[in-house]
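Letters go in sequence order (proteins before strands), and every chain restarts at 1. This one's a predicted model, so the numbers in the text were calculated from it and none came from an experiment.
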Protein chains: 2
Amino acid sequence: MSEQRRARLRLEISREAARLFWEQGVAATSGDQIAAAVGLSTRTIWRHFRSKESCAEPVIMQGVVTLVSLMRSWPRHKSLDDHLATELTRISHEPPPVDNLLAMKMIRLADTEPALRTVWLMAYDQVEREMCVIIGDRLDRPAGDLEGRMYAAAAAAVVRVLDAHIGAAVLTGAELTPFTDMTAVARRIAHAIRTATGGVVGGPIA
Amino acid sequence: MSEQRRARLRLEISREAARLFWEQGVAATSGDQIAAAVGLSTRTIWRHFRSKESCAEPVIMQGVVTLVSLMRSWPRHKSLDDHLATELTRISHEPPPVDNLLAMKMIRLADTEPALRTVWLMAYDQVEREMCVIIGDRLDRPAGDLEGRMYAAAAAAVVRVLDAHIGAAVLTGAELTPFTDMTAVARRIAHAIRTATGGVVGGPIA
DNA sequence: GATATCTTGTCACTAAGTGACCCGATCATG
DNA sequence: CATGATCGGGTCACTTAGTGACAAGATATC
C-alpha cells in the first residue's frame, strides 16, 4: 500500500474518531462506532491503529505538520523569525484546514482524558524526533548528539505549550484576533524556540 | 487510605511489574502475573492502576523524585548549580535506591515498547507540572503564566533527555564513572535547565 | 464490644485487540 | 486473454485488559 494512501486512510479514520470523541467522549465511543462511521470493518481499524485512542493521532499531528515542514524548509541564511513570518503569511491566505479545529478539540479533551493525553504526548515525541534531525542538520552536529537532542526536546516542548495555549484560546473564542496575525504568531514561535535553545537555534548561519 | 500507604503499595506493585516487564517483555506479562507476583488479586491491581503498562509509572517516577524534590527545596539566594552540587553530593553517600536501575530499564524498554513510552512521557508530564509551580514561584509569576509554562516544559524536556542519556549509558555499562561524579552531574543538569530557559532559571535571586 | 468505614476478593461481564482464514481486486507475465 | 501471485479488507472465533456489583474481612471510632 502506498504510503500516501495509507496516510490518507488513517487521516480519514482519525477525523471520524476525533469527531465522535468530541461529541460523546472517549469512553462512550467504541471501536465499532468508529468503524461504522468511516464505513470499514472494525478489524480494519485495528490494522491501522494500535488502540482506539491512538485513532486521534493523525488529526493531532495534522495540527503541527505545517510547522514541522516549515522548519524543514528553513534555509540556512535566514533567521527562523523571518522564515516563519513570510511562509506563514503566504500560507495563511489558503483556507485553514478543518482538521485544525478538530486537533484543538482533541488537545482540549486531553486535559481530562489521560488516554488522549498520552496520544498527544506521543505525537510531540514524534515532532521532537523530527526537530532532532532538523536542528542537528542545521548545527552540523552528528545525528545522536546529546546537545542537539536537548535543543530538539526543549524546542518541541515549547511549541507544544504554545500550541496548547493557542488551541485553548481559539476554542474558548475569547481572543481569536491575536492568532490571526500570522507574523505575530511566527515571532512568538521563533522567539520561544530561540529562548528554549539558549539562542543557539533561531538565527541565520553565515 | 493514607496517601503514604497508597503510594508505598503502588510502588511495591510497580517494582514487581517492572521486573516482569524487563524479564519477559511487556506483552508477555499479564495483569494476573503482576498480581500473583505481588500477592494481591488481579482486581486490586486495576484499582490502583489504569492499565498494566502504567504499573511501571511509580518506578519511573522514582528515578526523578529526588531531582524534583531538590528543585523544590532550592533556596532563592543560591544558584541552581551550587544547590544541586551540594545536595547531590550529600545524598550520594546514601546507598542509591535499587529502583533507579529498574527505572533505567523501563526507559530502555520504552525505546521499543510504545505503551511504556507513553507511561514515561506521562511521568515527565507530571514533572513538568511540578516544574511549573516551582519555576512560577521562583519567578514570582502567576500560576498559569504562559512564559512560566514554557520554561517548565523546556526544563522538564531537557531533564528527560539527560535522564534517558544517563540511563542508557549506565545500562550499557560503558561509561559508568562520569556519572558517579555528582558535582559534574549537577553542573550538567543545572546548565541544561539554565540554557533551556534562556538563562532565566538557574541563577540566584538577589 | 458494636458499628461504620474502608480495602480487598470473587465473579460475571464488556469491549479492546489479535490470529487465522477467506475473498475479491489489482497487476504482472505468459 | 488467461492465470496466478500479491495485497487490502471482511468474517469469525478467541484472548485478555479492565469494570461493576456485591460479599467479606480488616480497621477505626465511640
Side-chain angles (χ1 to χ4, degrees), chain A residues 1-21 23-58 106 109-110 112-119 122, chain B residues 1-21 23-59 106 109-110 112-120 122:
Chain A
M1 195 180 202
S2 82
E3 210 53 45
Q4 291 272 354
R5 227 185 95 190
R6 180 176 174 82
R8 261 209 308 278
L9 179 53
R10 279 173 55 93
L11 187 55
E12 201 174 325
I13 296 173
S14 189
R15 270 194 268 258
E16 293 301 317
R19 186 179 56 79
L20 289 170
F21 288 163
E23 287 177 7
Q24 9 171 320
V26 177
T29 303
S30 68
D32 291 0
Q33 270 182 74
I34 299 174
V38 69
L40 288 174
S41 85
T42 309
R43 184 65 180 89
T44 303
I45 302 295
W46 306 136
R47 277 201 243 276
H48 290 276
F49 293 96
R50 258 195 291 285
S51 66
K52 73 172 179 181
E53 292 86 7
S54 68
C55 289
E57 191 241 53
M106 290 305 99
L109 267 188
T112 56
E113 302 266 6
L116 267 192
R117 177 160 271 262
T118 64
V119 174
M122 283 291 269
Chain B
M1 197 176 202
S2 81
E3 210 52 45
Q4 291 273 354
R5 226 185 95 189
R6 179 177 174 83
R8 260 210 309 277
L9 179 54
R10 280 173 55 92
L11 187 57
E12 202 173 325
I13 296 172
S14 190
R15 270 193 267 257
E16 292 303 315
R19 186 179 56 80
L20 289 169
F21 288 163
E23 288 176 8
Q24 9 170 322
V26 178
T29 303
S30 68
D32 290 0
Q33 270 182 74
I34 299 173
V38 70
L40 289 173
S41 85
T42 310
R43 185 64 180 87
T44 302
I45 302 295
W46 305 137
R47 281 208 178 85
H48 291 274
F49 293 97
R50 257 196 289 287
S51 65
K52 71 172 181 182
E53 293 87 5
S54 68
C55 289
E57 192 242 54
V59 157
M106 291 305 99
L109 267 188
T112 55
E113 301 267 5
L116 267 193
R117 178 160 271 262
T118 65
V119 175
W120 185 51
M122 282 291 268

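In this structure, the CZ atom of A:F49 is 16 Å from the C1' atom of D:dG8, given to the nearest Å. Here the C1' atom of nucleotide C:dC6 and the CZ atom of B:R6 are 13 Å apart, to the nearest Å. One can place CD of B:Q33 at 9 Å from P of D:dA17, the figure rounded to the nearest angstrom. A:L40 places its CG atom 11 Å from the C1' atom of D:dG8, with the value rounded to the nearest Å. We find that CH2 of A:W46 is positioned 5 Å from P of C:dG17, with the value rounded to whole Å. Here the C1' atom of nucleotide C:dA16 and the CD atom of A:E53 are 9 Å apart, to the nearest Å. As a whole-Å value, the separation of B:R5 CZ from C:dT7 C1' is 7 Å. Atom CG of B:D32 and atom P of C:dT10 are 12 Å apart (whole Å).
Between B:G39 and A:S30, the residue anchored closer to the 5' end of DNA chain C is B:G39, taking for each the nucleotide with the nearest heavy atom.
For D:dG8, the OP1/OP2 oxygens have no side-chain nitrogen or oxygen of A:H48 closer than 4.0 Å. Phosphate proximity of D:dG9 to A:S41: absent, as no side-chain N or O sits under 4.0 Å from OP1 or OP2.
A donor-acceptor contact shorter than 3.5 Å links the side chain of B:R10 to the backbone of B:H48. Although no hydrogens or angles enter the test, the distance criterion places a donor-acceptor pair under 3.5 Å between the side chain of B:T29 and the main chain of B:G25.
Between B:E12 and B:R15 no salt bridge is recorded (no basic side-chain N to carboxylate O distance below 4.0 Å). No salt bridge links B:E113 with B:R117; every basic N to acidic carboxylate O contact stays at or beyond 4.0 Å.
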Please evaluate residues A:Q33 and A:E16 with respect to the criterion side chain to side chain donor-acceptor pair (under 3.5 Å), reporting the C-alpha separation (whole Å), side-chain torsions for both, the decisive distance (0.1 Å), and the verdict. CA-CA 9 Å; A:Q33 270 182 74; A:E16 293 301 317; over 6 Å; no

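Put simply, the side chain of B:R47 and the base of C:dG9 share a donor and an acceptor less than 3.5 Å apart. For B:R43 against D:dG20, a side-chain N or O and a base N or O form a donor-acceptor pair under 3.5 Å.
Taking only side-chain atoms of B:S51, from C-beta outward, the nucleotide of C:dG17, D:dG10, D:dG18 with the closest atom is D:dG18.
Using a 4.0 Å heavy-atom distance criterion, B:I34 is classed as making no nucleic acid contact.
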